[in-house]
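Just so it is clear, the model here is predicted, and its values are computed rather than measured.
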Amino acid sequence: MLDFFTSPGIGKETAKALLAHNATVYLAARNENKTKQAIADLKQETGKEGIFLELDLSDLRSVKRAAEEYLRQGHDLHVLFNNAGVMGPPIDHLTKQGYDAQFGTNVLGHFYFTKLLLPALLRGAKSSPDGKARVVNTSSSTSLLVNGVDFNTFKDSPARLRYSSRTLYSQSKLGNVLFSNALARRYGDKGIVSTSLNPGNLDSEIRRHGVSWGRRMIGPLILYPSPLGALTQLWAGTSSEGATLNGKYLIPWARVGNRPNPAGYDEKLQDDLWDWMEEQVKDL
């Protein structure tokens, strides 16, 4: 089994479980030193060694280089965990190509990475015992806090500056759901199972931007340990039941959510977002 995922918190815990079951695991991340330390830690804990792939989701050209590097190796890809993210950076933070830092990283970067890896995923579906390859997209409970996405905020603009960083984050997490469901509709009949999920309210590194003293004090009282965040995505990505969950929104711990945001299931909005993202990456 070949798997990708990013992010040091949930991703590292996911890798630990996968390596312990003899999966071949690629850790795709931008910080080489930090990721290689995680790989060393995981080898000590599991006896198995992950593989580093340099990937900066906030730079679309880095995304392309990472995908091309993987595709050159000719591997089938059975599970792709899209679980990197940025939350609450200063409002002036933009991606390398000038997109809102949160939407550009959390949504557009993952879209482009997945799009480029589709040939390996389609081969993975054919070579998998159950005829499925899986794409697991990490969203958030905050996806429930917005009614849609404002295309005028995806790049730097006066409209974007009228939003708080928190709202822009929630919008990006709904964007994860929209992308996941569009992928499910477009490729479900080709063997790709696409799910989105809320991993739980976790005490992880994603909270590093703008965490106040008060939030640091109450965080341990209301947040779950980061390792628990791996449970639902491991269920989606590795269980036999997970193969039946195409287009579903999952919640802690390893359950199908019965009250997803209705906007995430708006097929016109899914298609509009997909078309917009295709337009952004077509000339890279």
Side-chain angles (χ1 to χ4, degrees), residues 1 3-5 10 14 77-85 103 106-126 128-149 170-200 229-278:
M1 179 184 290
D3 307 277
F4 271 99
F5 63 90
I10 300 174
T14 303
L77 180 58
H78 299 106
V79 188
L80 172 62
F81 291 100
N82 286 325
N83 75 324
F103 205 90
N106 300 349
V107 187
L108 183 57
H110 281 128
F111 164 81
Y112 191 36
F113 195 45
T114 306
K115 172 183 168 66
L116 293 173
L117 291 175
L118 278 171
L121 284 162
L122 292 168
R123 291 198 308 270
K126 291 180 179 179
S128 176
D130 61 9
K132 305 292 184 183
R134 313 191 196 184
V135 181
V136 183
N137 301 287
T138 302
S139 180
S140 163
S141 60
T142 64
S143 67
L144 300 171
L145 301 180
V146 290
N147 297 321
V149 294
S170 298
Q171 174 178 259
S172 77
K173 294 289 97 179
L174 177 58
N176 292 142
V177 179
L178 287 163
F179 161 59
S180 180
N181 290 340
L183 184 67
R185 288 171 48 226
R186 291 165 184 252
Y187 289 92
D189 62 352
K190 298 176 176 63
I192 292 180
V193 176
S194 177
T195 55
S196 56
L197 61 89
N198 165 21
L231 293 177
T232 304
Q233 65 181 37
L234 282 166
W235 178 60
T238 66
S239 72
S240 58
E241 190 175 6
T244 70
L245 299 176
N246 193 40
K248 300 296 186 183
Y249 177 75
L250 313 177
I251 60 174
W253 310 104
R255 296 179 293 157
V256 175
N258 58 10
R259 293 183 181 178
N261 189 331
Y265 291 83
D266 181 332
E267 293 187 359
K268 182 180 184 306
L269 187 56
Q270 292 171 23
D271 290 341
D272 287 347
L273 178 59
W274 186 285
D275 291 345
W276 179 86
M277 293 192 291
E278 288 277 19

Chemist: Going by the rule side chain to side chain contact (heavy atoms under 4.5 Å, CB included), which residues pair with Thr114 if we only count those two or more places apart in sequence or in a different chain?
Modeler: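 Listed in chain order: Leu80, Asn82, Leu121, Val135, Phe179, Leu183.
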Chemist: Which heavy atom of Ala133 sits nearest to which heavy atom of Leu77, and what is that distance?
Modeler: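 Smallest interatomic distance, heavy atoms only, reads CB-O, 3.9 Å.
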Chemist: State which residues pass side chain to side chain contact (heavy atoms under 4.5 Å, CB included) with Thr244; sequence neighbours excluded, sorted by chain then number.
Modeler: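 Partners of Thr244 by the side chain to side chain contact (heavy atoms under 4.5 Å, CB included) criterion, ordered by chain and then number, come out as Glu241.
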Chemist: Mind jotting down which residue pairs meet the salt bridge (charged side-chain N to carboxylate O under 4.0 Å, His left out) criterion with at least one end in residues 135-144? Sequence neighbours excluded, please.
Modeler: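 Passing the test, one end in residues 135-144: no pairs.
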Chemist: Can you confirm whether more than 12 heavy atoms, excluding those of Tyr112, are under 6.0 Å from its OH atom?
Modeler: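 For Tyr112, atom OH is crowded (more than 12 foreign heavy atoms under 6.0 Å).
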Chemist: List the residues meeting side-chain hydrogen bond (donor to acceptor under 3.5 Å, both in side chains) with Ser139, not counting sequence neighbours, and say none if there are none.
Modeler: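 Ser139 satisfies side-chain hydrogen bond (donor to acceptor under 3.5 Å, both in side chains) with no other residue.
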Chemist: Is any side-chain heavy atom of Trp235 closer than 4.5 Å to a side-chain heavy atom of Leu245?
Modeler: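 Heavy-atom side-chain distance check passes, below 4.5 Å.
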Chemist: As an exercise, state the distance from CH2 of Trp253 to CG of Asn198, rounded to the nearest 0.5 Å.
Modeler: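 Output value for this atom pair is 8.0 Å.
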Chemist: Should Leu234 and Thr14 count as side-chain neighbours, where that means a heavy-atom distance under 4.5 Å?
Modeler: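 In short, these two side chains touch, coming nearer than 4.5 Å.
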Chemist: Given the rule in the side chain to side chain contact (heavy atoms under 4.5 Å, CB included) test, do Val107 and Met277 qualify, once you have shown the distances and angles that lead to the verdict?
Modeler: CA-CA 9 Å; Val107 187; Met277 293 192 291; 3.8 Å; yes
Chemist: I need the single residue from Thr232, Val256, Leu250 that forms a side-chain contact (heavy atoms from CB on, under 4.5 Å) with Thr195. Which is it?
Modeler: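 Result: among Thr232, Val256, Leu250, Leu250 is the only option passing the side-chain contact (heavy atoms from CB on, under 4.5 Å) with Thr195.
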Chemist: Taking only residues two or more places apart in sequence or in another chain, which ones pass salt bridge (charged side-chain N to carboxylate O under 4.0 Å, His left out) with Lys190?
Modeler: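 Applying salt bridge (charged side-chain N to carboxylate O under 4.0 Å, His left out) to Lys190 gives none.
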Chemist: What pair of heavy atoms forms the shortest contact from Ala263 to Leu269, and how long is it?
Modeler: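 Heavy-atom minimum between the residues: O-CD2, 4.0 Å.
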Chemist: Tell me the closest heavy-atom pair linking Ser143 and Tyr249, and the distance in Å.
Modeler: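 Shortest heavy-atom contact: OG-OH, 3.7 Å.
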Chemist: Looking at Ser140 and Pro199, what are the two nearest heavy atoms and their distance?
Modeler: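 Minimum heavy-atom contact is CA-CD, 4.4 Å.
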Chemist: Show every side-chain hydrogen bond (donor to acceptor under 3.5 Å, both in side chains) that has at least one partner inside residues 259-269, sequence neighbours left out.
Modeler: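 Only Lys268-Asp272 qualify under side-chain hydrogen bond (donor to acceptor under 3.5 Å, both in side chains).
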Chemist: Looking only at heavy atoms, which two atoms of Val193 and Ala243 are closest? And how far apart?
Modeler: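 The answer is CG2-O, 3.5 Å.
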Chemist: Which residues satisfy the side-chain hydrogen bond (donor to acceptor under 3.5 Å, both in side chains) test with Ser172, sequence neighbours excluded?
Modeler: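 Expected list: Asn106.
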Chemist: Tell me if the CG atom of Asn147 is crowded by more than 12 foreign heavy atoms within 6.0 Å.
Modeler: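 At most 12 heavy atoms, drawn from other residues, nucleotides or ligands, come within 6.0 Å of this atom.
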Chemist: Within this structure, what is the OH-CG distance for the pair Tyr187 and Leu118, rounded to the nearest 0.5 Å?
Modeler: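 So the gap between those two atoms works out to 5.0 Å.
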Chemist: Working to the nearest 0.5 Å, report the span between CD of Gln233 and CG of Leu197.
Modeler: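 Going from the CD atom of Gln233 to the CG atom of Leu197 covers 6.0 Å.
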Chemist: Suppose we screen for side-chain hydrogen bond (donor to acceptor under 3.5 Å, both in side chains). Which residues come up paired with Ser141, at least two apart in sequence or across chains?
Modeler: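 Counting only residues at least two positions away or on another chain, Ser141 forms a side-chain hydrogen bond (donor to acceptor under 3.5 Å, both in side chains) with Asn201.
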Chemist: Restricting to pairs with a member in residues 177-186, which pass side-chain hydrogen bond (donor to acceptor under 3.5 Å, both in side chains), not counting sequence neighbours?
Modeler: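 Sorted result for residues 177-186: Asn137-Ser180, Ser180-Ser194, Arg185-Gln270, Arg185-Asp271, Arg186-Asp271.
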Chemist: With sequence neighbours left out, write down each residue that passes ring pair (Phe, Tyr, Trp, His ring centres under 6.0 Å) with Phe103, or none if nothing qualifies.
Modeler: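 Here the qualifying residues are Phe154.
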Chemist: Closest approach of Ala125 and Gly191, non-hydrogen atoms and distance?
Modeler: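 Shortest heavy-atom separation between Ala125 and Gly191 comes out as CB-O, 3.7 Å.
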Chemist: State the OG1-CG distance between Thr138 and Asn176, to the nearest 0.5 angstrom.
Modeler: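 Nearest 0.5 Å value for the OG1-CG distance: 7.5 Å.
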Chemist: Would you give the length of the straight line joining atom CD1 of Ile192 to atom NZ of Lys132, rounded to the nearest 0.5 angstrom?
Modeler: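 The NZ atom of Lys132 is 10.5 Å from CD1 of Ile192, to the nearest 0.5 Å.
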Chemist: For Ser128, which residues count as a side chain to side chain contact (heavy atoms under 4.5 Å, CB included) partner, sequence neighbours excluded?
Modeler: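 Result, side chain to side chain contact (heavy atoms under 4.5 Å, CB included) vs Ser128: His78, Asp130.
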Chemist: How long is the span from the CH2 atom in Trp274 to the CZ atom in Phe111, to the nearest 0.5 Å?
Modeler: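 So the gap between those two atoms works out to 5.0 Å.
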Chemist: With sequence neighbours left out, which residue pairs that include part of residues 113-122 fulfil the salt bridge (charged side-chain N to carboxylate O under 4.0 Å, His left out) condition?
Modeler: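 Applying salt bridge (charged side-chain N to carboxylate O under 4.0 Å, His left out) to every pair that reaches into residues 113-122, excluding sequence neighbours, yields Lys115-Glu278.
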